[in-house]
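Letters A, B, ... mirror the listed sequences (proteins, then strands); counts begin at 1.
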Amino acid sequence: MSKARVRFAPSPTGPLHIGGARSALFNWLYARHSGGEFIVRIEDTDLDRSKREFEEEILLSLRWLGLDWDEGVEVGGQNGPYRQTERLDIYREVAEKLLQTGHAYHCYCTEEELAAEREAFMAKGELPRYGGRCRDLCQADREKLEAEGKRSVLRFKVPEDRIISVNDMVRGKVDFACEGIGDFIIVKSDGIPTYNFAVAVDDHLMEINHVIRAEEHLPNTPRQILIYEALAWETPSFAHISLILGKDRAKMSKRHGATSLEQYRKQGYLPEALFNFLSLLGWSPGGEDEVLSMENIVEQFQLDRVSKSPAVFDLDKLNWINGFYIRQSPLEKIVELALPYLKEGGYVPEEPTGQDKAQFRAMISVVRNYLSNLAEITDHVEIFYKDPTYEEEDMQAVLKQDQVSQVLSAVRQRITDAGLLNEESAKAMIKKLPKELGIGGKKVFMPLRVALTGHTQGPELYQVIPALGMEKTLKRLDKAIAVASST
RNA sequence: GGCCCCAUGGUCAAGCGGUUCAAGACACCGCCCUUUCACGGCGGUAACCCGGGUUCGAAUCCCGGUGGGGUCACCA
């Protein structure tokens, strides 16, 4: 069997949607698993909505996710150009052929006429579609209409009484009756091809042999097959993967929260987490492990393990897996990735010094355990910047216990004596405290925690002290001692 | 509404006619670890949409119903 050639063909009318990303991912996985080729083509035939900025953003998102392509826009290849608006001559030529072989014809109906026709059908309770008005226009009719300056579109002549079978790799055989299709437009009045026409032409010319795309395209497939047949082209295999749904089980859209990959990137989700998560949406390796490396997924990915039923996008699970990757990644990497959020929150100078970085490193190492995305880091880092006031009731309750000022003073003494503490020495010092002071653990740790962080819960104290640094540690201790001593 | 797709716990899902038969993960609950929280470890609650068939035997096959979804553009 020849090499698999698959493609992802986004239209640059918006950022890369989470569903689009998943389609791209599955195509890429299929290609990489089978040693085939992955092509990226831009479908920009919607002149009004397509924007170059979107194209760039989509490409950036794909790369961020970790995908690369063997052929396509930006990387070139044997079958270019890879942007549909740069292939207009090609479509024109194919359209001409269809016209000559009687598979297509000019239609002069105006939008108003079509709308009226549609309404008439509806009124009669029939399905609204093109009735075939211009189907059998003779040469003279056409010349007359042309002379009147009427604009025309090209329609594909759909055969009657035929059943088109789509042999879908995930769904099996799906039949469509031509009766329900109606002659569809292949070239718009401005000469630009429509989606159904351009995809078929491009997929064939680019030698795509497996079309993997979202289920919403399933009803389009018979139209494309008709075009392949009219041109005597071999049809590719199709695989329609199920949709990604929002919490309410409707197709994911803006009202379900973040829908573009870019939004997740900005919130501090790691590409490997999204990659892992998205690959599990509709596909399952069958084993028990769900945290899988890119290599592992590539190795195991198969289309026959792709689910037919739609999948609800589960943010909880994404959060979990992303948090997992945040904890697993090398600290240096997380420091680099977290810095922008800290900068934006005003916690870090634009140009941090080496010493600053060491401090952040300690801090980030402490708070990363609490994160499900990097943007959350500013919330957790607050304890290191905002000096506690100890005004809250529960803070007061803790600090006003017996012996608190003695405990805090003792700690202060030890820290000053020891100089700058690191995690190990801080841990050793803290551990000995209850015994040395002859006071129960809870009575020493809770006041200390409150004094240092202004909270009754949080990271290990031996981590807090080094991350806080000597200056702040002593300052907070002094303030807490003052509060504890006052009555 | 027509056409089409789908149907295992709250969510993602394993299962492809019978010694695994109801895995695993997220979420939730409990316990342990930690004299805090989180992480981590251990355990628990929780599912085959309904009705007919086929079969010695159905979550698994067929039909119907119900439910959900997609699609019906000179958008892709």
K.L.:
Roughly, in whole Å, what's the span from CG in A:Asp289 to C1' in B:A23?
P.N.:
13 Å

K.L.:
May I ask you to check whether A:Phe301 and A:Trp283 place their ring centres under 6.0 Å from each other?
P.N.:
yes

K.L.:
Would you kindly give the CG-to-P distance between A:Asp190 and B:A73, to the nearest whole Å?
P.N.:
18 Å

K.L.:
At 4.0 Å (heavy atoms only), tell me whether A:Arg49 reaches a base, stays on the sugar-phosphate, or touches nothing.
P.N.:
base

K.L.:
Suppose we call a contact any N or O donor and acceptor under 3.5 Å apart; does that hold for the side chain of A:Asn220 and the base of B:A76?
P.N.:
yes

K.L.:
Any idea which heavy atoms bring A:Glu391 and A:Gln396 closest together, and the distance?
P.N.:
O-CG, 3.8 Å

K.L.:
Between the protein and nucleotides 33-35 of chain B, which nitrogen or oxygen pairs come in under 3.5 angstrom?
P.N.:
residue : atom : partner  : partner atom : Å
B:U35   : N3   : A:Gly441 : N            : 2.9
B:U35   : N3   : A:Lys442 : N            : 3.3
B:U35   : O4   : A:Gly441 : N            : 2.4

K.L.:
A:Val187: which residues meet the side chain to side chain contact (heavy atoms under 4.5 Å, CB included) condition with it, sequence neighbours left out?
P.N.:
A:Ala95, A:Leu154, A:Phe197

K.L.:
What residues, two or more places apart in sequence or in another chain, satisfy side chain to side chain contact (heavy atoms under 4.5 Å, CB included) together with A:Phe445?
P.N.:
A:Ile430, A:Pro434, A:Leu461

K.L.:
State plainly whether the residues A:Arg133 and A:Glu113 are in salt-bridge range, i.e. N to O under 4.0 Å.
P.N.:
no

K.L.:
Which of parallel (below 30°), tilted (30 to 60°) and perpendicular (above 60°) describes A:His210 and A:Tyr30?
P.N.:
tilted

K.L.:
Which residue lies toward the 5' end of RNA chain B, A:Leu114 or A:Arg327, if each is placed at its nearest nucleotide?
P.N.:
A:Arg327

K.L.:
Return the value, rounded to whole Å, for the distance between atom CG of A:Leu318 and atom C1' of B:A27.
P.N.:
14 Å

K.L.:
Kindly give the heavy-atom pair with the smallest separation between A:Ser307 and A:Val170, and that separation in Å.
P.N.:
O-CG2, 4.5 Å

K.L.:
Under 4.0 angstrom, heavy atoms only, what part of the nucleic acid is A:Cys109 near: base, sugar-phosphate, or nothing?
P.N.:
base

K.L.:
Do any of residues 365-391 of chain A sit with a heavy atom less than 4.0 Å from RNA chain B, and if so which?
P.N.:
A:Asn369, A:Tyr370

K.L.:
Hey, does A:Ser242 reach any base, or is it just sugar-phosphate, or nothing, if we go heavy atoms under 4.0 Å?
P.N.:
nothing

K.L.:
Could you report the tightest heavy-atom contact between A:Ile326 and A:Leu270, atom names first, then the distance?
P.N.:
N-CD1, 4.0 Å

K.L.:
Nearest whole Å is fine: how far is B:A76 C1' from A:His240 NE2?
P.N.:
13 Å

K.L.:
Can you find a side chain N or O atom of A:Ser307 that sits less than 4.0 Å from OP1 or OP2 on B:C12?
P.N.:
no

K.L.:
Any carboxylate oxygen within less than 4.0 angstrom of a Lys/Arg side-chain nitrogen, looking at A:Lys427 and A:Glu424?
P.N.:
no

K.L.:
Which of parallel (below 30°), tilted (30 to 60°) and perpendicular (above 60°) describes A:Phe156 and A:Phe184?
P.N.:
parallel

K.L.:
Without decimals, in angstroms, what is the distance between A:Asp304 CG and B:G15 C1'?
P.N.:
14 Å

K.L.:
Walk along nucleotides 3-8 of chain B from 5' to 3' and tag each nucleotide B, S or - by protein heavy-atom contact under 4.0 Å, base first, then sugar-phosphate.
P.N.:
SSBSS-

K.L.:
Salt bridge check: are A:Glu43 and A:Arg213 linked by an N-O gap of less than 4.0 Å?
P.N.:
no

K.L.:
Closest approach of A:Val158 and A:Arg135, non-hydrogen atoms and distance?
P.N.:
O-NH2, 2.9 Å

K.L.:
Taking the same atom, C1', in B:A23 and in B:A13, what whole-Å distance lies between them?
P.N.:
10 Å

K.L.:
Any base atoms under 4.0 Å from A:Ser284, or only sugar-phosphate, or nothing? Heavy atoms, all strands.
P.N.:
sugar-phosphate

K.L.:
What pairs with A:His455 under ring-ring contact (aromatic ring centres under 6.0 Å, His included), at least two apart in sequence or on another chain?
P.N.:
none

K.L.:
Identify the pairs formed between an N or O of the protein and an N or O of nucleotides 9-11 of chain B at a distance under 3.5 Å, and give each distance.
P.N.:
none

K.L.:
Using the P atom on both, measure B:C29 against B:A73 and round to a whole Å.
P.N.:
48 Å

K.L.:
What N/O pairs connect the protein and nucleotides 28-31 of chain B at under 3.5 Å? Give each pair on its own line.
P.N.:
none

K.L.:
Show me the pairs that pass salt bridge (charged side-chain N to carboxylate O under 4.0 Å, His left out) and involve residues 281-308 of chain A, at least two apart or across chains.
P.N.:
A:Glu290-A:Lys317

K.L.:
Touch check for A:His217, heavy atoms < 4.0 angstrom, all strands: base, sugar-phosphate only, or nothing?
P.N.:
base

K.L.:
Indicate the atoms forming the closest heavy-atom contact of A:Gly19 with A:Ile244, along with that distance.
P.N.:
CA-CD1, 3.9 Å

K.L.:
For B:U60, give the paired nucleotide (Watson-Crick: N1-N3 plus N6-O4 or O6-N4; G-U: N1-O2 and O6-N3; both under 3.5 Å), or none.
P.N.:
none

K.L.:
Name the orientation class of the two ring planes belonging to A:His240 and A:Phe238 (parallel below 30°, tilted from 30 to 60°, perpendicular beyond 60°).
P.N.:
parallel

K.L.:
Identify the nucleotide, in any strand shown, that forms a Watson-Crick or G-U wobble pair with B:G24, with both distances under 3.5 Å; if there is none, say none.
P.N.:
B:C12

K.L.:
Less than 4.5 Å apart, side chain to side chain, heavy atoms only: is that true for A:Tyr462 and A:Met429?
P.N.:
no

K.L.:
OP1 or OP2 of B:U71 less than 4.0 angstrom from a side-chain nitrogen or oxygen of A:Lys251, does that happen here?
P.N.:
yes

K.L.:
Between A:Lys188 and A:Pro459, which has a closest nucleotide on RNA chain B that is more 5'?
P.N.:
A:Pro459

K.L.:
Rounded off to whole Å, could you give me the CH2-to-C1' distance for the A:Trp283 and B:G24 pair?
P.N.:
14 Å

K.L.:
Measure from the side-chain N and O atoms of A:Lys386 to the backbone N and O of A:Gly454, and report whether any donor-acceptor pair falls under 3.5 Å.
P.N.:
no

K.L.:
Which parts of residues 7-20 of chain A get close to RNA chain B, meaning a heavy atom less than 4.0 angstrom away?
P.N.:
A:Ser11

K.L.:
Please report the distance separating the P of B:C50 from the corresponding atom of B:A7, rounded so that it comes out in whole Å.
P.N.:
15 Å

K.L.:
Could you list all the salt bridge (charged side-chain N to carboxylate O under 4.0 Å, His left out) pairs where at least one residue sits in residues 190-206 of chain A, not counting sequence neighbours?
P.N.:
A:Arg7-A:Asp203, A:Arg41-A:Asp202, A:Arg41-A:Asp203, A:Arg87-A:Asp202

K.L.:
CD1/A:Ile185 to CG/A:Leu114 distance, rounded to the nearest 0.5 angstrom?
P.N.:
7.0 Å

K.L.:
Quick one: look up who B:C31 pairs with, Watson-Crick or G-U, both distances under 3.5 Å, and put none if it's unpaired.
P.N.:
B:G41

K.L.:
For a quick test of reading the model, state the closest non-hydrogen atom pair linking A:Val444 to A:Ile439 and the distance between them.
P.N.:
CG1-O, 3.9 Å

K.L.:
For A:Glu290, which contact category applies under a 4.0 Å heavy-atom criterion: base, sugar-phosphate, or nothing?
P.N.:
base

K.L.:
Could you please name the partner base of B:C74, counting Watson-Crick and G-U wobble pairs only when both distances are under 3.5 Å?
P.N.:
none

K.L.:
Detail all sub-3.5 Å separations between protein N/O atoms and N/O atoms belonging to nucleotides 60-65 of chain B.
P.N.:
none

K.L.:
Rounded to the nearest Å, what distance is computed from the CZ atom of residue A:Phe324 to the P atom of nucleotide B:A38?
P.N.:
19 Å

K.L.:
Please report the distance, rounded to the nearest Å, between CD1 in A:Ile42 and P in B:A76.
P.N.:
14 Å

K.L.:
Between A:Cys134 and A:Cys109, is any pair of side-chain heavy atoms under 4.5 Å apart?
P.N.:
yes

K.L.:
Quote, to the nearest angstrom, the P distance that separates B:C26 from B:C3.
P.N.:
43 Å

K.L.:
Side chains of A:Leu218 and A:Asp168: closer than 4.5 Å at any heavy-atom pair?
P.N.:
yes

